Amino acid sequence: MKRTILILLFVCLIGIMLTGCDNNKEGQKARENLKVGFLFVGPIGDGGWNYAHNKGLLEIEEIPYIQEILYRENASDTESSLIAIEELIKEGVNLIFATSYNHKEATLQMAKKYPDVIFESCSTFLKEANIGSYFGKIYQGWYLAGILAGMKTDSNKIGIIVAHANPECKRITNAFSLGIKSINPQAHVYVEWIHSWYNPVRENAIANKMIDMGCDIIAHNSDSNESQKVADNRNVYSIGYNTDMKTFAPRKNLVSVVWNWGDFYEAKVEEVYEGRWQASKIWAELDSGLFGLTELDSHFEDSQISILEEKIEEIKAKELVIFSGQIWDNEGQVRVKSGQSLTDEELLTIDWLVDNITVLNPIAKD
C-alpha cells in the first residue's frame, strides 16, 4: 500500500468538487490511535455495492498506522444506522466511512453528538465541521456502457433493472440511454423499478420477463448479481454494476461499470492520521480513477473498442458533455435546449427520463 498520495488528491486538482476545497478554521488534529469504521447498507457478500466498498476496506487493512478496522453490515435505515454508528464509536472508532445515502440522517445526528469523530459520507453531498462527503459521476461510465450496448443489440430492445426512481438512479438510467441513442437511435430501453437496492428474487423475475419480451441485453442499477446470472443462463448479453460481474456471467457479460474505492480510502485515512483532513464535497469525474469500465474482451471488434476509447478521452477532456442539448424526455418535453447543458445542481435533482425509455411499472413510490 505505497501508492503515492499525490495521485489521490484529485479532489482539488481536477475540479471534481461541487464546492471548492474549503478549509476548516480549526484544523483536525493528528490521530495516532486511528481506528476506522465502515457502515454498509447491505451484506458485504452481495457481489455489488457493498462488496465494492468492502474491497476498498480490504485494500487499506495493512496500513501500519491503522490500529483497527471495524464494520457493521445491513445498516439499511436511520434507526439501524444510529445503532451501528453508536456501537462503532463505543469501540473506539474515530473515523467512519458511511457508504450509503441511507446513512445520511444518522450521520448528521451522530456527528453532532460526537464532534471529535470524523465522518465521510458517500453520495450525500454533506459538508459539516466533521463531515465530508464523496461520490463519483458514475453516470459518465454508464454513458460509455450505453455506447457498448447500442453496438451489440440485435433486437434493439435493452432492459435495465433500476433500484429506485430517485435522481441518482434516473441520472444513471438517462446517461445509459443517451449513450445507446448516440450510437444506435433505433434502440429502445425498458426500465423496471424494484424499489430496493437488493432484491435478488425480484431481479430474477424481471430479468426473465425482459428477456421474454425480446430484450437481448440486460443491465442493472442494483446491488445484486442475480440479473447477470439469468442473462448468462439464457444466453443473453449483460452489463454489470459496482464490481466486475464476469464472475457471475462468464459467457455473456459485455462490461461492468465499477467503483474503485481503495485508493480514495487510503488517501482519506492518511489525511486523518496526519491531521490534514478537512471537510469537502467530492463529486469525482471519470479521469479521477474512482470509477470506470472493466476491460473489454473478444465480444468487441477493435474498431468498436477504438470508438469507446475516443469517447473516454472526449469525456476526460470535457469535450463530450453527456447532458447537453437537445434532449427530449419520454413525455415529449424538451428538457435540455440546443447549446445548453444541465448544471450539477440540475443533475442532482433530475426527475425525468429521456425519450428512448419506456418504464414497465410507471408508478414510482420513491
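We're numbering straight along the sequence, starting at 1. In this text, all values refer to a predicted model and were calculated from it rather than measured experimentally. Values below: all heavy atoms of this structure, side chains included; hydrogens, waters and symmetry mates excluded.
In terms of modelled atom types and a separation under 3.5 Å, the side chain of N242 and the main chain of A52 share no donor-acceptor contact. Judged by distance alone, the side chain of E313 and the main-chain N or O of E310 form no donor-acceptor pair under 3.5 Å.
Here the options are V189, I158, L353, I172, the test is side chain to side chain contact (heavy atoms under 4.5 Å, CB included), and the partner is S177; only V189 passes. Only one option out of F97, W49, Y101 pairs with C122 in a side chain to side chain contact (heavy atoms under 4.5 Å, CB included); it is W49. A side-chain hydrogen bond (donor to acceptor under 3.5 Å, both in side chains) with E203 is found for exactly one of S227, S222, S196, namely S222.
Contact check on K113 versus E86 returns a salt bridge, with a Lys/Arg side-chain nitrogen under 4.0 Å from an Asp/Glu carboxylate oxygen. Taking a cutoff of 4.0 Å between a charged side-chain nitrogen and a carboxylate oxygen, K268 and E271 qualify as a salt bridge. A salt bridge links D329 with R335: at least one charged nitrogen is closer than 4.0 Å to a carboxylate oxygen. A salt bridge does not link E91 to K35: none of the charged nitrogens lies less than 4.0 Å from a carboxylate oxygen. E226 has no carboxylate O lying under 4.0 Å from a charged side-chain N of R202, or vice versa, which leaves the two without a salt bridge. Remark: E314 engages K311 in a salt bridge, criterion side-chain N to carboxylate O under 4.0 Å.
Checked against a 6.0 Å centroid threshold, the rings of Y139 and F323 count as neighbours. Ring to ring, F264 and Y134 are close: their centroids are under 6.0 angstrom apart. Centroid-to-centroid, the aromatic rings of Y190 and H188 come within less than 6.0 Å.
Annotation: side chain of F291 is in contact with side chain of L286 (closest heavy-atom distance under 4.5 Å). Annotation: side chain of V354 is not in contact with side chain of N330 (no heavy-atom distance under 4.5 Å). Counting heavy atoms from C-beta outward, L57 and F40 have side chains that approach closer than 4.5 Å. Between F119 and L95 there is no side-chain heavy-atom pair separated by less than 4.5 Å. Side-chain contact between L82 and Q109 is present, with heavy atoms from C-beta onward closer than 4.5 Å. Residues M210 and I161 form a side-chain contact, since some pair of their non-hydrogen atoms from C-beta on lies under 4.5 Å apart. Looking at heavy atoms from C-beta onward, D223 lies in side-chain contact with N50 at the 4.5 angstrom threshold. Side-chain contact check for E120 versus I96: every heavy-atom pair is 4.5 Å or farther apart.
In summary, the side chains of T153 and D216 do present a donor paired with an acceptor at a separation below 3.5 Å, with no hydrogens or angles considered. N184 and N156 are linked by a side-chain donor-acceptor pair at a separation below 3.5 angstrom, with hydrogens and angles left out of the test.
Nearest approach of M245 to G47, heavy atoms of both residues: CE-O, 3.2 Å.
Residue-environment remark: CD (E79) stays at or below the threshold of 12 foreign heavy atoms within 6.0 Å. The number of heavy-atom neighbours closer than 6.0 Å to CD of E295, taken from other residues, nucleotides and ligands shown, is 12 or below.
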For S256 and I239, run side-chain contact (heavy atoms from CB on, under 4.5 Å): C-alpha distance rounded to whole Å, both residues' side-chain angles, the deciding distance at 0.1 Å, then the answer.
-> CA-CA 5 Å; S256 295; I239 293 174; over 6 Å; no
Evaluate salt bridge (charged side-chain N to carboxylate O under 4.0 Å, His left out) for D232 paired with K252, printing each intermediate quantity in order.
-> CA-CA 5 Å; D232 212 56; K252 302 299 287 187; over 6 Å; no
Between N94 and I118, is a side-chain contact (heavy atoms from CB on, under 4.5 Å) present by the stated rule, with each step listed?
-> CA-CA 6 Å; N94 41 31; I118 292 174; over 6 Å; no
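Under the 30°/60° scheme for interplanar angles, the aromatic rings of W259 and Y241 are found to be tilted. By the 30° and 60° cut-offs, the orientation of the rings of Y265 relative to H53 is tilted.
Under the 4.5 Å side-chain heavy-atom criterion for grouping Ile, Leu, Val, Met, Phe, Trp and Tyr, V258 is not connected to L290 through any hydrophobic cluster. Hydrophobic cluster membership differs between V321 and F176, with clusters built from Ile, Leu, Val, Met, Phe, Trp and Tyr side chains linked at under 4.5 angstrom. Linking Ile, Leu, Val, Met, Phe, Trp and Tyr whenever their side-chain heavy atoms come within less than 4.5 Å puts M213 and I211 in one cluster. Following chains of ILVMFWY side-chain contacts shorter than 4.5 Å, one cannot reach I44 starting from Y198, and the two form parts of different hydrophobic clusters. Neither F38 nor W197 shares a network with the other; the hydrophobic side chains, linked directly or stepwise wherever heavy atoms of I, L, V, M, F, W or Y lie under 4.5 Å apart, form separate groups for each.
Cation-pi contact between K281 and F125: absent, since separation from the ring centre below 6.0 Å together with deviation from the ring axis within 45° is not met. Note that K152 lies in the cation-pi zone of F300, set by a 6.0 Å cut-off to the ring centre and a 45° limit from the axis. At least one cation-pi condition fails for K55 and W261: the charged atom is not both under 6.0 angstrom from the six-membered ring centre and inside a 45 degree cone around its axis.
A distance of 8.0 Å separates CZ in R171 from CD1 in I350, rounded to the nearest 0.5 Å. Distance CG/N356 to CG/L178: 7.0 Å, rounded to 0.5 Å.
Residues meeting the salt bridge (charged side-chain N to carboxylate O under 4.0 Å, His left out) test with D212, sequence neighbours left out: R234.
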